[in-house]
Number of protein chains: 2
Amino acid sequence: MSTRDKIIDAAMTIVRDAGVGKLTLDKAATVAGISKGGVLYHFRSKDDLIRGMVQRLTDQCDQINQSYYAQEPEGPYRWARTLVRACFDPNGPANDPVGGALLAAVTLNPLLMEPIHAMYAKWRERLSSDSPDIVRAGLVCTAMDGLYFQRLMGIHRGDQGDARRLMEFALTLLSPSNPGAAP
Amino acid sequence: MSTRDKIIDAAMTIVRDAGVGKLTLDKAATVAGISKGGVLYHFRSKDDLIRGMVQRLTDQCDQINQSYYAQEPEGPYRWARTLVRACFDPNGPANDPVGGALLAAVTLNPLLMEPIHAMYAKWRERLSSDSPDIVRAGLVCTAMDGLYFQRLMGIHRGDQGDARRLMEFALTLLSPSNPGAAP
DNA sequence: GGTTCTGTACCGGCTGGACGGTATAGCCAA
DNA sequence: TTGGCTATACCGTCCAGCCGGTACAGAACC
């Protein structure tokens with residue numbers, strides 16, 4: 001694993017364990033096992049580090065979504081179903097400290113949220129492309145967002161069983177027997 | 001309006017307009033029209049100020065929920081319907097800078113999130129008390145959370161018409177024609 | 001009704017420490 | 001020996017929290 005990746009990992013871990021406010025270049029260096037100078041060699045500034053974290057997040061989301069999309073059967077709501085499945089992947093971004101990137105960006109410099117906005121725009125486009133009822137798909141996906149943010153903020157709701165039931169219900173809402181309004 | 005409230009207002013405004021990272025005691029004092037000493041008279045520390053902000057948030061949520069609950073007709077999912085309505089109140093916490101309290105807390109000291117956790121616990125309890133299908137109610141309310149957090153992070157999804165349609169669909173899912181599984 | 005005491009509200013300067021960023025020197029593999 | 005990478009030392013700035021002080025309003029006492 002490259003030093004650059006190690007630094008990003010360290011930053012993510014700090015954010016998850018101690019909060020965004022505790023993320024400093026010094027600490028990121030210590031956790032990554034190098035010195036601050038080393039960090040600043042790979043990232044020209046703290047903003048640059050956050051950018052790296054955000055990119056890691058968006059890359060990971062893209063990757064997992066593509067992978068689930070390939071597995072998901074064709075038909076209406078294919079993208080929405082993909083997003084639901086991805087949200088419950090135990091190894092996906094939804095259960096990774098990688099989400100801390102979001103908090104770091106919105107806290108330290110809202111401009112760094114730009115890639116996130118772009119990602120959302122892409123999702124919205126994909127959802128529209130194959131959802132017979134975009135309101136239905138939107139609600140379900142917004143619920144996935146809610147779940148994601150709750151996890152991010154340490155607001156856990158129920159156990160694994162609850163999560164599974166939630167996923168199943170979300171998929172039910174997106175099943176062929178619930179096509180919703182025609183476009 | 002008391003000086004204390006003025007300070008909290010100022011802090012909220014700063015968070016909304018400039019981001020959590022820009023919230024300092026000095027700036028809060030300036031915006032509130034007093035000195036830093038004055039701020040520290042009312043709040044013993046910055047953490048204490050955040051606590052005040054969080055309490056303002058939870059109080060406001062409580063108040064608006066109680067008010068909508070009173071207006072909401074009896075029957076299954078009354079609490080869930082209440083939460084949906086409250087989420088779309090243009091004057092409610094969902095559309096107020098008061099939400100910045102959440103970001104401030106999670107950023108500066110996750111321990112300060114405790115009242116938020118307590119609030120969620122109460123909501124969950126209420127939801128369970130009158131939802132024939134708690135999974136259904138949970139999904140809808142999680143979607144409301146998603147909407148809230150999206151707004152908080154500046155990720156807007158659609159216009160007012162979209163919001164209205166989303167609310168109507170959420171209420172449809174909670175209507176008597178959709179009772180869901182029996183308890 | 002003047003004087004002294006006490007508590008509340010607020011002010012503004014100060015300091016010590018943390019933090020982002022720079023400069024520079026050292027290490028090591030190709 | 002050059003270039004990629006890392007360590008160390010340092011600087012300037014910012015900020016939380018502290019503290020000595022002011023203003024003022026009521027109470028208490030004479």
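By convention in this document, chain letters (A, B, ...) are assigned in the order of the sequence lines, proteins followed by strands, and residues within each chain are numbered from 1. Here the structure is a predicted model, which means the values were calculated and not measured.
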Ion pair A:Lys22/A:Asp17, N-O distance below 4.0 Å: no
Separation of D:dT6 C1' from A:Ile7 CD1 (nearest whole Å): 10 Å
Minimum-distance nucleotide to A:Thr3 side chain [options: D:dT6, C:dC19, C:dC10]: D:dT6
Base D:dA7 paired with A:Lys36 side chain (donor-acceptor, <3.5 Å): no
Touch class at under 4.0 angstrom, heavy-atom based, for A:Leu40 against every strand present: base
Pair of N/O donor and acceptor under 3.5 Å linking D:dG17 base with B:Lys46 side chain: no
Within 6.0 angstrom of A:Gln71 CD, more than 12 heavy atoms from elsewhere: yes
Rounded distance in Å - CG (A:Leu108) to P (C:dG20): 9 Å
A:Leu173 reachable from B:Leu174 in the ILVMFWY side-chain graph, under 4.5 Å edges: yes
Sugar-phosphate, base or nothing in reach of B:Leu23, heavy atoms under 4.0 Å: sugar-phosphate
Interatomic distance where OH belongs to B:Tyr41 and P belongs to D:dG21 [whole Å]: 19 Å
B:Arg164 charged N/C atom sitting above B:Phe88 aromatic ring, 6.0 Å / 45°: no
Side-chain N,O (A:His42) to OP1/OP2 (D:dT6) below 4.0 Å: yes
